[in-house]
Amino acid sequence: MADLVRTGVSLEQDLLEKFDRLIAKRGYQNRSEAIRDMIRDMLVNEEVNSNKPVVATLSMIYDHHRPELSSKLTEAQHHHHDNVLAATHVHLDRDNCFEVVIMKGPAGEVQHMADHMLSLKGVKHGKLVMTSTGADL
Ligand code: NI
């Protein structure tokens, strides 16, 4: 772990009180850890926006009965196999499939692949979550 440096921040009292209430609700023990996490979140956003390598999950809920959809999703993952680390398929109920695809690669490639799969007809909803590989955090 890197050496810790102390720093001071000036801010409005009511803003600080709101912040303290929020971080208490989220379970932070102190401001420092909450602020460290906020800074890391900004750094991760910058990595994503700069097309740096990321790791990601794409969660999708889709119509089991839509013809060819399952094979189209599989085809997309084979086509971009360098970016796919793993996938899990759950037969949720009679009508719905839930699939989670774990991906890595430049943020732009991962986003492109997610956009492609989410835009397929029969995919009811999905979310892509990208985060840092951790190497530069
Ligand atoms: Ni299924």
Side-chain angles (χ1 to χ4, degrees):
M1 197 175 132
D3 290 337
L4 289 178
V5 179
R6 290 185 69 87
T7 186
V9 181
S10 303
L11 66 172
E12 294 81 357
Q13 187 168 357
D14 64 335
L15 190 61
L16 183 61
E17 286 168 1
K18 282 179 189 166
F19 183 66
D20 283 345
R21 281 198 296 275
L22 177 63
I23 67 177
K25 201 169 112 186
R26 294 199 181 171
Y28 284 102
Q29 303 296 313
N30 58 63
R31 285 178 193 146
S32 292
E33 189 52 28
I35 291 168
R36 281 192 284 269
D37 279 357
M38 285 170 55
I39 292 172
R40 289 191 197 103
D41 195 49
M42 287 182 75
L43 291 169
V44 171
N45 280 336
E46 182 58 19
E47 287 184 16
V48 168
N49 291 331
S50 311
N51 201 29
K52 294 266 171 58
V54 296
V55 288
T57 54
L58 174 63
S59 301
M60 293 172 285
I61 188 89
Y62 66 88
D63 181 354
H64 166 66
H65 304 290
R66 177 74 61 166
E68 305 289 301
L69 178 55
S70 184
S71 62
K72 280 180 188 162
L73 289 168
T74 303
E75 182 59 33
Q77 292 172 46
H78 274 280
H79 187 69
H80 298 279
H81 61 90
D82 284 345
N83 297 121
V84 177
L85 296 174
T88 298
H89 182 108
V90 179
H91 308 299
L92 257 196
D93 57 30
R94 282 178 178 279
D95 305 314
N96 295 289
C97 298
F98 179 55
E99 190 155 319
V100 179
V101 184
I102 302 177
M103 297 184 283
K104 66 163 186 181
E109 283 180 24
V110 168
Q111 182 71 58
H112 172 79
M113 199 181 155
D115 288 344
H116 173 67
M117 287 193 277
L118 290 173
S119 65
L120 291 172
K121 235 186 202 135
V123 177
K124 295 178 178 177
H125 185 253
K127 276 271 190 235
L128 174 68
V129 177
M130 292 194 266
T131 187
S132 172
T133 61
D136 292 329
L137 280 188

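Owing to the predicted nature of the structure, the values given are computational and were not obtained by experimental measurement. These values consider heavy atoms only, across backbone and side chains, with no hydrogens, waters or symmetry-generated copies. In this chain, residues are counted from 1 in sequence order.
Between Ile102 and Val55 there is no side-chain heavy-atom pair separated by less than 4.5 Å. The side-chain heavy atoms of His80 and His116, taken from C-beta on, include no pair separated by under 4.5 Å. Contact of the Met113 side chain with the Leu128 side chain is not registered, since no non-hydrogen atoms from C-beta on lie closer than 4.5 Å. Taking the side chain as every heavy atom from C-beta outward, Leu137 and Leu43 approach each other to under 4.5 Å. Taking the side chain as every heavy atom from C-beta outward, Glu109 and Met103 never approach each other to under 4.5 Å.
The environment of Glu33 atom CD is dense: over 12 non-hydrogen atoms of other residues, nucleotides or ligands sit within 6.0 angstrom. Shown here is His65, whose NE2 atom has more than 12 heavy atoms of other residues, nucleotides or ligands within 6.0 Å.
A salt bridge is absent between Lys72 and Glu75: the closest approach of a Lys/Arg side-chain nitrogen to an acidic carboxylate oxygen does not fall below 4.0 angstrom.
Atom-to-atom distance recorded for Phe98:CZ and His89:NE2 is 10.5 Å, nearest 0.5 angstrom. Of the inter-residue distances, the one linking Met130 atom CE with Thr133 atom OG1 reads 13.5 Å to the nearest 0.5 angstrom. Here the CG-CE distance, from Leu118 to Met60, works out to 6.5 Å after rounding to the nearest 0.5 Å.
Grouping the Ile, Leu, Val, Met, Phe, Trp and Tyr side chains by contacts below 4.5 angstrom, directly or via other members, places Ile35 apart from Met42. Cluster membership check: Phe19 shares its hydrophobic cluster with Ile39, using side-chain heavy-atom separations under 4.5 Å among Ile, Leu, Val, Met, Phe, Trp and Tyr.
Screening residues 17-27 for salt bridge (Lys or Arg N to Asp or Glu O under 4.0 Å), with sequence neighbours left out, gives Asp20-Arg31. The side chain to side chain donor-acceptor pair (under 3.5 Å) analysis of residues 43-56, with sequence neighbours excluded, yields the pairs Glu46-Ser50, Glu47-Ser132.
When all heavy atoms are compared, the tightest approach of Val100 to Ser59 is CG2-OG, 4.0 Å. Closest approach of Ile23 to Ala34, counting heavy atoms only: CG2-CB, 3.5 Å. Between Ala114 and Leu58, the shortest heavy-atom distance links the atoms CA-CD2, 3.9 Å. The nearest pair of heavy atoms linking Val101 to Gln77 is CG2-NE2, 3.6 Å. Counting all heavy atoms, side chain and backbone alike, Leu69 lies closest to Val123 at CD2-N, 3.9 Å.
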Go through the steps to decide whether Arg66 and Leu120 satisfy the test side-chain contact (heavy atoms from CB on, under 4.5 Å), and finish with yes or no. CA-CA 10 Å; Arg66 177 74 61 166; Leu120 291 172; over 6 Å; no
Checking side-chain contact (heavy atoms from CB on, under 4.5 Å) for the pair Asn96/Lys124: CA distance, chi angles, key distance, verdict? CA-CA 9 Å; Asn96 295 289; Lys124 295 178 178 177; 2.5 Å; yes
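For Asp37, the salt bridge (charged side-chain N to carboxylate O under 4.0 Å, His left out) partners are Arg40, not counting sequence neighbours.
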